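Worksheet: the structure to be examined is printed underneath.
Just follow the structure's listing: the first ligand is 1, and inside any ligand the first atom is 1. Bear in mind the structure is a predicted one, so any value in this text is a computation, not a measurement. Sequential numbering from 1 along the given sequence is applied to the chain's residues.
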Amino acid sequence: MPTILITGASSGIGKATALRFQTEGWNVIATMRDPAGSDLRDLERILIARLDVTDPASITDAVTRGTDHFGAIDVLLNNAGYGAYGPLEAFSTDRIRRQFDTNVIGLLDVTKGVLPQMRARRAGTIVNISSIGGQITFPLGSLYHGTKFAVEGLSEALHYELEPLGIRVRIVEPGMIRTDFGGRSFDFAMRDDLSDYGPTAEAMGRLFGRLASNPSTPDVVSDVIWKAVNAPDGQLRFRAGPDAAELLDRRKNEDDDTFINGIKALMAG
Ligand SMILES: NC(=O)c1ccc[n+]([C@@H]2O[C@H](COP(=O)([O-])OP(=O)(O)OC[C@H]3O[C@@H](n4cnc5c(N)ncnc54)[C@H](OP(=O)(O)O)[C@@H]3O)[C@@H](O)[C@H]2O)c1
């Protein structure tokens, strides 16, 4: 049976995907920062491993453990991530670095951790979780969108470099999904002396309220990930959720001004 290694499998999309692949008969290396108490633990063919994408030693340990246990890693799902939102001025450099270290550098480090064995076998699939926010942006999202635009670009570039070696790259772009993303994974920054940005924060709230009124379940994304892994070669990007399909079609078909004015209309009071 093939094996998938998933980052951020403690909740949301990562956990739903662990359950989906396990149900399909795959071996799953479900990695997370704090494995204690994970209810995935008792399922057959699931190995729980500690992996913090910002801790290189934990990446090496989890890849080694998973490979020793199941023989090889066929698919890597780079899912771990969170959203830093707020005016740029409200973020310390450390907090900015944490966003990029987690969503971008961590993803690159985990990818580097599995590539040698995939390259040696001339086989493997890397699935990177981007977002609709990897192709379009919302106000006060300079950091989160910066990371997801980076994920889009680095994934597209990597696909040229890895395809000749038999390794496929897939980008999955979820719309609004009902997970912990808007709660514990939402790092909102604001300061009392930055009230100049107050109206934009309110506009962001209205926009999110409108766009997130009917979020999809994580199963919608795990289903798309399943299809992306099993699709015949060729397709790079996969959208997840009806809102992703609609917004990304608009982004593609409208000129810049028309699209951006449409976003501003959704922000209006
Ligand atoms: N929900 C949405 O609307 C949406 C839309 C588009 C894209 N996405 C993307 O989907 C991915 C998963 O998010 P989700 O919606 O499933 O939210 P979630 O339920 O909050 O899951 C986020 C996961 O990332 C993990 N994580 C955060 N920092 C980490 C680190 N340094 N090392 C390892 N794991 C770390 C969290 O682990 P802990 O349990 O340890 O915190 C958690 O497992 C993210 O990349 C997000 O950007 C989400």
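- Close N/O approach between I13 and ligand 1 is found [any backbone or side-chain N/O within under 3.5 Å].
- E173 places a side-chain heavy atom less than 4.5 Å from the side chain of E152.
- Polar contact check, I177 against ligand 1: a nitrogen or oxygen pair lies under 3.5 Å apart.
- Taking every heavy atom of S131 and a limit of under 4.0 angstrom, the matching atoms of ligand 1 come to 6 (C), 7 (C).
- Side-chain contact between M32 and I48 is present, with at least one heavy-atom pair separated by less than 4.5 Å.
- In summary, of the residues considered (D180, D39, T179, N79), a side chain to side chain donor-acceptor pair (under 3.5 Å) with K15 occurs for D39 alone.
- Of the N or O atoms in G8, one or more lie within a sub-3.5 Å distance of an N or O in ligand 1.
- Residues F21 and I6 fail the side-chain proximity criterion, which asks for heavy atoms closer than 4.5 Å.
- In the vicinity of G12, heavy-atom distances shorter than 4.0 Å reach the ligand 1 atoms 16 (O), 19 (O).
- No part of A212 comes within 4.0 Å of ligand 1, judged by heavy-atom distances.
- Under 4.0 angstrom from ligand 1, there are no non-hydrogen atoms of T31.
- Under a 4.0 angstrom heavy-atom cut-off, D101 registers as lying outside contact with ligand 1.
- Below 3.5 Å of separation, one finds an N or O of G81 facing an N or O of ligand 1.
- Under 4.0 Å from ligand 1, not a single heavy atom of K15 appears.
- Within the model, atoms CD of E246 and CG of L211 stand 9.0 Å from one another, a figure rounded to the nearest 0.5 Å.
- The heavy atom nearest to atom 35 (C) of ligand 1, considering only G175, A80, G83, G134, is found in A80.
- In this structure the side chain of I126 reaches within 4.5 angstrom of the side chain of V114, judged on heavy atoms.
- For ligand 1 and S10, the ligand atoms under 4.0 Å from any heavy atom of the residue are 37 (O), 38 (P), 39 (O), 42 (C), 43 (O).
- Across all non-hydrogen atoms, the minimal contact from T200 to P139 is CG2-CB, 3.9 Å.
- Two residues are said to be in side-chain contact when any heavy atoms from C-beta on lie closer than 4.5 Å; F70 and W26 fail this criterion.
- Contact annotation: N79 has at least one heavy atom less than 4.0 Å from an atom of ligand 1.
- Under 4.0 angstrom from ligand 1, there are no non-hydrogen atoms of M32.
- The nearest heavy-atom contact from the protein to atom 9 (C) of ligand 1 is I129 CG2, 3.7 Å.
- Two rings, from Y82 and F181, have their centers 6.0 Å or more apart.
- Closest protein heavy atom to atom 13 (O) of ligand 1: F181 CD1, 4.2 Å.
- The nearest protein atom to atom 21 (O) of ligand 1, hydrogens excluded, is given as S11 OG, 3.4 Å; this is a heavy-atom distance.
- Closest protein heavy atom to atom 31 (N) of ligand 1: D52 OD1, 2.9 Å.
- Contact detail for N128 and S155: the closest heavy-atom pair is ND2-OG, 2.9 Å.
- Nearest protein heavy-atom contact of atom 32 (N) of ligand 1 is V53 N, 3.0 Å.
- Under a 4.0 Å criterion applied to the non-hydrogen atoms of M176, ligand 1 contributes the atoms 3 (O).
- Two residues are said to be in side-chain contact when any heavy atoms from C-beta on lie closer than 4.5 Å; L194 and M190 meet this criterion.
- Using a distance-only test at 3.5 Å, with no hydrogens or angles considered, a donor-acceptor pair links the side chain of D243 to the main chain of M176.
- Between R98 and D187 there is a salt bridge, with a side-chain nitrogen of the basic residue lying less than 4.0 Å from a carboxylate oxygen of the acidic one.
- Within the structure, the closest approach of R184 to ligand 1 falls below 4.0 Å when heavy atoms are considered.
- Contact check for N78 versus I129: no side-chain heavy atoms found under the 4.5 Å cut-off.
- Between D68 and T64, some side-chain heavy-atom pair lies under the 4.5 Å cut-off.
- No N or O atom of Y82 sits closer than 3.5 Å to an N or O atom of ligand 1.
- Residue contact check: S185 has heavy atoms under 4.0 Å from atoms 18 (P), 20 (O), 22 (C) of ligand 1.
- In terms of N/O distances under 3.5 Å, ligand 1 is not approached by I132.
- For the pair R50 and D34, the salt-bridge criterion is not met [side-chain N within less than 4.0 Å of a carboxylate O].
- Ion pair E156/R237 flagged as a salt bridge, since at least one NZ, NE, NH1 or NH2 atom sits closer than 4.0 Å to an Asp/Glu carboxylate oxygen.
- Taking any N or O of T54, backbone or side chain, none lies under 3.5 Å from an N or O belonging to ligand 1.
- In terms of polar-atom proximity, defined here as any N/O pair under 3.5 Å, T179 does make such a contact with ligand 1.
- Every atom of ligand 1 with a heavy atom of S130 under 4.0 Å away is listed here by number and element: 7 (C).
- For Y144, a nitrogen or oxygen atom sits less than 3.5 Å from a nitrogen or oxygen atom of ligand 1, counting backbone and side chain alike.
- Given atom 27 (C) of ligand 1, the protein heavy atom at minimum distance is R33 NH2, 3.6 Å.
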